[in-house]
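Have a look at the structure below, then the notes.
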Amino acid sequence: MPQTIRRAVIPAAGLGSRLLPLTKATPKEMLPVGDRPVIEHTVRELIASGITDITIVVSGGKGLIQDHFRPNPALVAQLREVGKDGYADAVEEVGELSRAGHITYLDQHGPYGNGTPVLNAARNFGDEPMLVLWPDDVFVAEVPRAQQLIRAYEATNCPVLALMPMDSADAPRYGVPVVKEDLDGGLLRITGLVEKPEPAEAPSAYAAIGGYVITPGIIDELREQTNRWYEHRTGEVYLTDAINAYAGSRAVYGQVIQGRWYDTGNPLAYLTAQFAAALADPAYGPHLRRLAQELGTPSGSDGGAAGGADAAGA
């Protein structure tokens, strides 16, 4: 019977270079999507999926992440003293996430590459399977993405990758799985990933996105990669390379995630995620739809002038 997944890793040590200069002083994980920073969406998803131990792997300059989740009783008391109980409740609730998820922090060390933070965290996990979710993804789904991955693991007792359908033209942007068998319900047996293939060479119509169930065998592959890196000091340590090595002789699965995925790793994707979150908000959505219509009115018309006045007044 598969072990219960209760641990998760959030690698949050990246520079956010594609969002510079916005991320020069503010970690990309702390940029807001809706009324909360993007990493909070990931933490809430994990807690809602039954995860009780979350390790956030950080690097220098990421202290704002810890500050955000750290309980702040003094601020809560100050807000209550002036009658701002709603704000006090919100601050208190965010601090409670740290306890509910038993959030701990780990400084990243080792070779460059997204496999390194996973290996760093795994040293404290023994032989337990774990979830790995990136902190710059937001999923909107009836069943959290993390829970969908856990269910796939419980059905297979094997590593699982999160997948989404893709247009073939987008293949050069993603790792594309080689599908061996379709087991229905979105569960696919895969034999590896082809990184950023040309559309005509894509082995399937799915993209591997931010989400994994990692088992000890893949950690062993990451450890082998890292040892080779220290011998030769070339290249990077990638999680997908470890998954491919593992899949060469053992079973790996992909789960097609039901829901809407928003990436926030580049300016357009970030603006799209922020705009979608704002439109979904019952308080802000109607106003923003009206504003979009008004701003879209051809310049020089009466509607355009009215829209400008309304936007300035808002």
Side-chain angles (χ1 to χ4, degrees), residues 5-19 23 25-31 36-47 49 51-70 94 97-139 145-146 149 159-162 208-216 218-227 229-230 235-243 263-265:
I5 296 180
R6 61 191 184 91
R7 298 180 182 270
V9 180
I10 302 176
L15 297 175
S17 54
R18 289 184 295 168
L19 287 165
T23 51
T26 303
K28 67 175 182 176
E29 298 84 5
M30 289 301 298
L31 297 177
R36 59 188 58 150
V38 63
I39 193 171
E40 187 181 324
H41 290 272
T42 304
V43 167
R44 287 180 181 273
E45 177 185 352
L46 289 168
I47 293 172
S49 301
I51 297 300
T52 58
D53 290 272
I54 299 171
T55 298
I56 301 177
V57 183
V58 296
S59 58
K62 302 282 185 165
L64 284 178
I65 297 174
Q66 292 160 276
D67 290 343
H68 177 71
F69 290 109
R70 183 179 293 118
V94 171
L97 295 174
S98 187
R99 187 203 64 79
H102 189 228
I103 299 175
T104 56
Y105 300 89
L106 184 66
D107 286 331
Q108 177 165 310
H109 57 88
Y112 188 80
N114 63 20
T116 294
V118 178
L119 183 59
N120 287 169
R123 292 191 175 99
N124 298 324
F125 290 2
D127 290 331
E128 292 189 47
M130 60 181 173
L131 273 166
V132 178
L133 299 186
W134 306 135
D136 50 6
D137 291 328
V138 176
F139 275 83
R145 163 196 45 168
L149 288 170
V160 183
L161 283 67
I209 52 173
Y212 310 83
V213 175
I214 299 300
T215 57
I218 290 180
I219 297 302
D220 290 341
E221 295 290 348
L222 279 175
R223 193 172 290 113
E224 286 295 320
Q225 277 192 59
T226 303
N227 289 341
W229 186 91
Y230 278 111
E236 300 174 7
V237 174
Y238 284 116
L239 184 55
T240 52
D241 289 343
I243 291 169
D263 178 17
T264 66

_N114: partners by side chain to side chain contact (heavy atoms under 4.5 Å, CB included), with sequence neighbours left out_ = W134, Y238, L239
*Can you see which heavy atom on G211 is nearest to which on L149, and at what distance?*
C-CD1, 3.8 Å
_In the structure I gave you, are the side-chain heavy atoms of Y105 and I65 within less than 4.5 Å of one another anywhere?_
yes
*F139 and H41, any side-chain heavy atoms less than 4.5 Å apart*: no
*Student check: side-chain heavy atoms of L119 and V237 closer than 4.5 Å*: no
_Pairwise distance CD1(I54) to CG(L46) - rounded to 0.5 angstrom_ = 4.5 Å
_Quick one, L106 and V58 - any side-chain contact, counting heavy atoms below 4.5 Å?_
no
*Where do I214 and Y212 come nearest, in terms of heavy atoms and distance?*
CD1-CB, 3.7 Å
*Indicate the atoms forming the closest heavy-atom contact of P135 with V38, along with that distance.*
O-CG1, 3.4 Å
*What's the spacing between E45 CD and I47 CD1 if we round to 0.5 Å?*
11.0 Å
_Using 0.5 Å steps for rounding, measure from the CE atom of M30 to the CD atom of E40._
8.0 Å
*Closest heavy-atom pair and its distance - A242, Q225*: N-NE2, 3.0 Å
*Going through the distances and angles, do I243 and I218 end up as a side chain to side chain contact (heavy atoms under 4.5 Å, CB included)?*
CA-CA 6 Å; I243 291 169; I218 290 180; 3.9 Å; yes
*Which distance, rounded to the nearest 0.5 Å, do you find between the CZ of R7 and the CG of N124?*
7.5 Å
*Any chance CG of D127 has more than 12 other-residue heavy atoms, nucleotides or ligands included, within less than 6.0 Å?*
no
*Do F125 and I219 come close enough that some side-chain heavy atom pair is under 4.5 Å?*
no
*State whether the side chain of Q108 and the backbone N or O of N120 hold a donor-acceptor pair below 3.5 Å, judged by distance alone.*
no
*What are the two closest heavy atoms between D220 and R223, and how far apart are they?*
OD1-NH1, 3.0 Å
*Could you tell me whether the side chain of V213 reaches within less than 4.5 Å of the side chain of L131, counting heavy atoms only?*
yes
*Closest approach of G61 to P27 (non-hydrogen atoms, all atoms of both residues)*: O-CG, 3.6 Å
*Atom CG of L31 and atom CG of L19: how far apart are they, to the nearest 0.5 Å?*
6.5 Å
*Any donor-acceptor pair under 3.5 Å from T116 side chain to P111 backbone*: yes
*Less than 4.5 Å apart, any side-chain heavy atom of V118 and any of M130?*
yes
*Which one of D53, T55, T52 satisfies the side chain to side chain donor-acceptor pair (under 3.5 Å) criterion with H102?*
D53
*So, the side chain of K28 versus the backbone of A12: is there a donor-acceptor pair under 3.5 Å, distance only?*
no
*Are the side chain of T264 and the backbone of D136 linked by a donor-acceptor contact shorter than 3.5 Å?*
yes
*Give a yes or no on whether L64 atom CG has more than 12 heavy-atom contacts from other residues, nucleotides or ligands under 6.0 Å away.*
yes
*Got a second to check how far R145's CZ is from D137's CG, nearest 0.5 Å?*
5.5 Å
